[in-house]
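In what follows, a single structure is set out as structure tokens and then discussed.
These figures come from a predicted structure and were not determined experimentally.
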Amino acid sequence: MKQNIADLIDQINNEKITVKVFETTMAKLKKDVAKTMQPLYDFVSDQIGKNQLGGAQLLVGGEALAIRVETNVVNLPLDEPARIEKFMSDEEEAGVNVYLVAVGEKVNQSGLRIDVVANADEFHEHLTNYETEMNDWVQAKIDAVEGNTED
């Protein structure tokens, strides 16, 4: 999946990228990371299947923590279009990847962690291959928040 950079910035600025929001508690997330995260993975995979960018966000109540699964052309959060535009200014088009994003004061010193999972097509076609890795990533963020350890 490829994305025109100018179109991406326009979609972000005009809120044309669908982001589905889920909510849970830390207790529920800890009890079953896989079950809690699966709807987010499925939603993003479905968006890719429609050849659309998308994201899913899990708000963890009482923890000031958000876990996001996002499609993007660069490892920057979708809510930072100016930085994306500056970083990608020399590119007309780029491949789309899926990223895991954790946002919260206790995630790390910067309050943000973002890591690539796979290119969008691979993610969509082989989602089950990535689920354990993604769930382990989420568990590491839970551990960092609860222990306030650097990730």
Validation: residues 36-52 side-chain donor-acceptor distances under 3.5 Å, sequence neighbours left out:
residue : atom : partner : partner atom : Å
Thr36   : OG1  : Asp32   : O            : 2.8
Gln38   : NE2  : Asp42   : OD1          : 2.9
Gln38   : NE2  : Glu131  : OE2          : 3.0
Tyr41   : OH   : Asn135  : OD1          : 2.7
Ser45   : OG   : His124  : ND1          : 2.9
Gln47   : NE2  : Gln52   : OE1          : 3.2

Sequence neighbours excluded and cut-off under 3.5 Å, please list the side-chain donor-acceptor pairs for residues 21-31, or say none.
residue : atom : partner : partner atom : Å
Thr25   : OG1  : Lys28   : N            : 3.1
Lys30   : NZ   : Glu146  : OE1          : 3.2
Lys30   : NZ   : Glu146  : OE2          : 3.1

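Side-chain atoms of Phe87 and Leu76, non-hydrogen and from C-beta on, do get closer than 4.5 Å to each other. Leu53 is listed as a side-chain neighbour of Met1, based on a closest heavy-atom distance under 4.5 Å. Under the 4.5 Å side-chain criterion, counting only non-hydrogen atoms from C-beta, Ile84 is in contact with Leu8. The shortest distance between side-chain heavy atoms of Asn4 and Glu92 falls below 4.5 Å. No side-chain heavy atom of Val138 sits less than 4.5 Å from a side-chain heavy atom of Met134. Using a 4.5 Å heavy-atom cutoff, the side chains of Val98 and Val116 are not in contact. Proximity of Ile17 to Leu78: side-chain heavy atoms (C-beta onward) are separated by under 4.5 Å at one or more points.
Here Glu133 pairs with Tyr130 under the side-chain contact (heavy atoms from CB on, under 4.5 Å) rule; sequence neighbours left out. Applying the side-chain contact (heavy atoms from CB on, under 4.5 Å) test to Asn14 and every residue at least two apart in sequence or in another chain returns Asp10, Lys16. For Ala94, the side-chain contact (heavy atoms from CB on, under 4.5 Å) partners are Ile5, Val73, Met88, not counting sequence neighbours.
A distance of 6.0 Å separates OH in Tyr99 from CG in Asn72, rounded to the nearest 0.5 Å. Note that the CG atom of Leu112 and the CD atom of Glu105 stand 13.0 Å from one another [nearest 0.5 Å]. Expressed to the nearest 0.5 Å, how far CD1 of Ile114 lies from CD of Glu80 amounts to 8.5 Å.
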message = Between Lys141 and Asp143, does the salt bridge (Lys or Arg N to Asp or Glu O under 4.0 Å) criterion hold? Intermediate values first, please.
response = CA-CA 5 Å; Lys141 302 311 159 264; Asp143 295 344; over 6 Å; no
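Closest of all the heavy-atom pairs between Ile67 and Ala102 is CD1-CB, 4.0 Å. For the pair Thr71 and Gly54, the tightest heavy-atom approach, listed with the atom from each and the gap, is OG1-N, 2.8 Å. Closest approach of Asp115 to Trp137, counting heavy atoms only: OD2-NE1, 2.7 Å.
Each salt bridge (charged side-chain N to carboxylate O under 4.0 Å, His left out) pair with one or both residues in residues 69-79, not counting sequence neighbours, appears once here: Arg68-Glu70, Arg68-Asp79.
If you check the side chains of Asp7 and Gln11, you find no donor sitting under 3.5 Å from an acceptor.
Note: the hydrophobic cluster containing Val60 also contains Leu100 (ILVMFWY, side chain heavy atoms under 4.5 Å, direct or indirect links). Val103 and Leu65 are assigned to two separate hydrophobic clusters, defined by single-linkage of ILVMFWY side chains at heavy-atom distances under 4.5 Å.
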